[in-house]
Novice: 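Let me begin by handing over the structure; questions about it come next.
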Amino acid sequence: MDGEGASVVISVAAVVISVLSLYVARRKDRRDALLKLHESLISPELQHGRRTVFLMYERGVRVEELSGEEYAVANRALAAFDVAGLYCHKGYVSEKDVLELWAVPLVRLKYAGRAFLEYRDAQVAGLPTWPRFRRRADHAETYLRGRGVDVARLAGPTPAVPESRSEPS
């Protein structure tokens, strides 16, 4: 092999290594983004917000009856799932991975949070609030149905949670 041939081989090898390094880095970045997103969604504040939405639904509480703090934590919990939807849409995280972890809560929030979403929609006429959350919740429902999950059971009230577990610790 002459000098020119060796240069071509080395150049091709460098390009292949660069492409592989880029691929590995992207996978790691997506994994790290998923872990950070997951850690955020399991935070006590967001758990409390989801619980507030579920209790509101189960007890037939209207949005207007929520305290300022209850409204804020419920709002934040739903908004966090809109961010998760944006992450999926932009490719920062894999939608499949998000659905594997969060399909059930997404579907439960889709139904339990309906009144809250309608209330927020009425505040900004013509613009649905949190469209990425809604799309992801619809995808989650399809995902679960495809796995034989009885989604109707997720749409109804949930078993009561002991009062000691309904407040953030």
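All residue numbers in this chain count up from 1 along the given sequence.
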Novice: Specify the closest pair of heavy atoms between Ala80 and Leu46, including all atoms of both residues, with the distance to one decimal.
Specialist: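 Minimum heavy-atom separation between Ala80 and Leu46: CB-CD1, 3.7 Å.
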Novice: Relative to each other, are the rings of Phe133 and Phe81 parallel, tilted or perpendicular (30° and 60° limits)?
Specialist: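 Tilted.
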Novice: Taking the side chain as C-beta and beyond, is there a heavy-atom pair between Leu55 and Val61 under 4.5 Å?
Specialist: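 No, every pair of side-chain atoms sits at 4.5 Å or beyond.
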Novice: Is the shortest heavy-atom distance from the side chain of Pro131 to the side chain of Asp82 under 4.5 Å?
Specialist: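 Contact flag for Pro131/Asp82 side chains = yes.
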Novice: Do His38 and Trp102 have side chains that approach each other closer than 4.5 Å (heavy atoms only, starting at C-beta)?
Specialist: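 The answer is yes; the side chains approach within 4.5 Å.
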Novice: For Asn75, is there any backbone N or O sitting under 3.5 Å from a side-chain donor or acceptor partner on Arg120?
Specialist: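 Here the side-chain-to-backbone pair does not exist.
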Novice: Could you tell me whether the side chain of Val98 reaches within less than 4.5 Å of the side chain of Leu37, counting heavy atoms only?
Specialist: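 The answer is yes; the side chains approach within 4.5 Å.
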Novice: If you look at every heavy atom in Ala77 and Gly49, which pair is closest and at what distance?
Specialist: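 It is CB-C, 3.7 Å.
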Novice: List in chain and number order the residues that pass side chain to side chain contact (heavy atoms under 4.5 Å, CB included) with Glu70, two or more places apart in sequence or in another chain; answer none if no residue qualifies.
Specialist: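 Here the qualifying residues are Thr52, Leu66, Ser67.
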Novice: Using a 6.0 Å distance limit plus a 45 degree cone around the ring axis, check whether Arg147 lies over the aromatic ring of Tyr143.
Specialist: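 Satisfied, under 6.0 Å and within 45°.
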Novice: Excluding sequence neighbours, so at least two apart, what forms side chain to side chain contact (heavy atoms under 4.5 Å, CB included) with Asp121?
Specialist: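 Here the qualifying residues are Pro128, Thr129, Arg134.
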Novice: Looking at CZ of Arg51 and CE of Met56, how far apart are the two atoms once the value is rounded to the nearest 0.5 Å?
Specialist: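 Here the interatomic distance stands at 14.0 Å.
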Novice: Looking at Thr142 and Asp138, would you say the former's side chain and the latter's main chain have a donor-acceptor pair under 3.5 Å?
Specialist: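 Yes, the answer is positive, given that a donor and an acceptor are paired below the 3.5 Å cut-off.
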Novice: If the test is side chain to side chain contact (heavy atoms under 4.5 Å, CB included), which one of Arg108, Arg145, Lys110 qualifies with Val151?
Specialist: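 Among the candidates, only Arg145 passes.
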Novice: With Cys88 as reference, evaluate Arg132, Arg135, Arg136 under the side chain to side chain contact (heavy atoms under 4.5 Å, CB included) test and give the passing residue.
Specialist: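 Only match with Cys88 under side chain to side chain contact (heavy atoms under 4.5 Å, CB included): Arg136.
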Novice: Report the residues that fulfil side chain to side chain donor-acceptor pair (under 3.5 Å) with Tyr111, sequence neighbours left out, ordered by chain and then residue number.
Specialist: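 In terms of side chain to side chain donor-acceptor pair (under 3.5 Å), with neighbours along the sequence ignored, Tyr111 is linked to Glu141.
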Novice: Taking side chain as C-beta onward, heavy atoms only, is Leu99 less than 4.5 Å from Leu106?
Specialist: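 They are in side-chain contact.
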Novice: Just so I know, are the side chains of Val53 and Val73 near enough to count as touching, which here means a heavy-atom distance under 4.5 Å?
Specialist: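 Counting from C-beta outward, Val53 and Val73 never come under 4.5 Å.
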Novice: Could you check, using the six-membered ring where one of them is a Trp, whether Tyr57 and Phe116 have ring centers closer than 6.0 angstrom?
Specialist: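 Between Phe116 and Tyr57, which both carry aromatic rings, the centre distance is not below 6.0 Å.
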Novice: Only counting residues at least two apart or in another chain, list the ones meeting salt bridge (charged side-chain N to carboxylate O under 4.0 Å, His left out) with Arg114.
Specialist: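 For Arg114, no residue satisfies salt bridge (charged side-chain N to carboxylate O under 4.0 Å, His left out) once neighbours in sequence are set aside.
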Novice: Taking everything shown except Tyr119 itself, do over 12 heavy atoms lie less than 6.0 Å from its OH?
Specialist: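 Buried by this count: over 12 neighbours within 6.0 Å.
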Novice: Hey, are the side chains of Leu34 and Tyr87 touching, using non-hydrogen atoms and a 4.5 Å cut-off?
Specialist: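 No - every pair of side-chain heavy atoms lies 4.5 Å or more apart.
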Novice: Is Ser40 reaching over with its side chain to a backbone N or O of Lys36, donor-acceptor style, under 3.5 angstrom?
Specialist: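 Absent.
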Novice: Test Asp150 against Leu144 for side-chain contact (heavy atoms from CB on, under 4.5 Å), laying out the working first.
Specialist: CA-CA 8 Å; Asp150 181 8; Leu144 292 173; over 6 Å; no
Novice: Could you walk me through whether His48 and Glu45 pass side-chain contact (heavy atoms from CB on, under 4.5 Å), step by step?
Specialist: CA-CA 5 Å; His48 179 56; Glu45 180 187 10; 5.7 Å; no
Novice: In the hydrophobic clustering that connects Ile, Leu, Val, Met, Phe, Trp and Tyr at side-chain heavy-atom distances below 4.5 Å, which members other than Val16 occupy its cluster, ordered by chain and number?
Specialist: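 Val8, Val12, Leu20, which link up through side-chain heavy atoms under 4.5 Å apart, make up the rest of the cluster.
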Novice: Counting only N and O atoms by type, is there a donor-acceptor contact under 3.5 Å from the side chain of Gln47 to the main-chain atoms of Ile42?
Specialist: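 Between the backbone of Ile42 and the side chain of Gln47 there is a qualifying donor-acceptor contact (under 3.5 Å).
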Novice: What residues, two or more places apart in sequence or in another chain, satisfy side chain to side chain donor-acceptor pair (under 3.5 Å) together with Lys96?
Specialist: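 Scan of Lys96 (side chain to side chain donor-acceptor pair (under 3.5 Å), adjacent residues dropped) gives Glu100.
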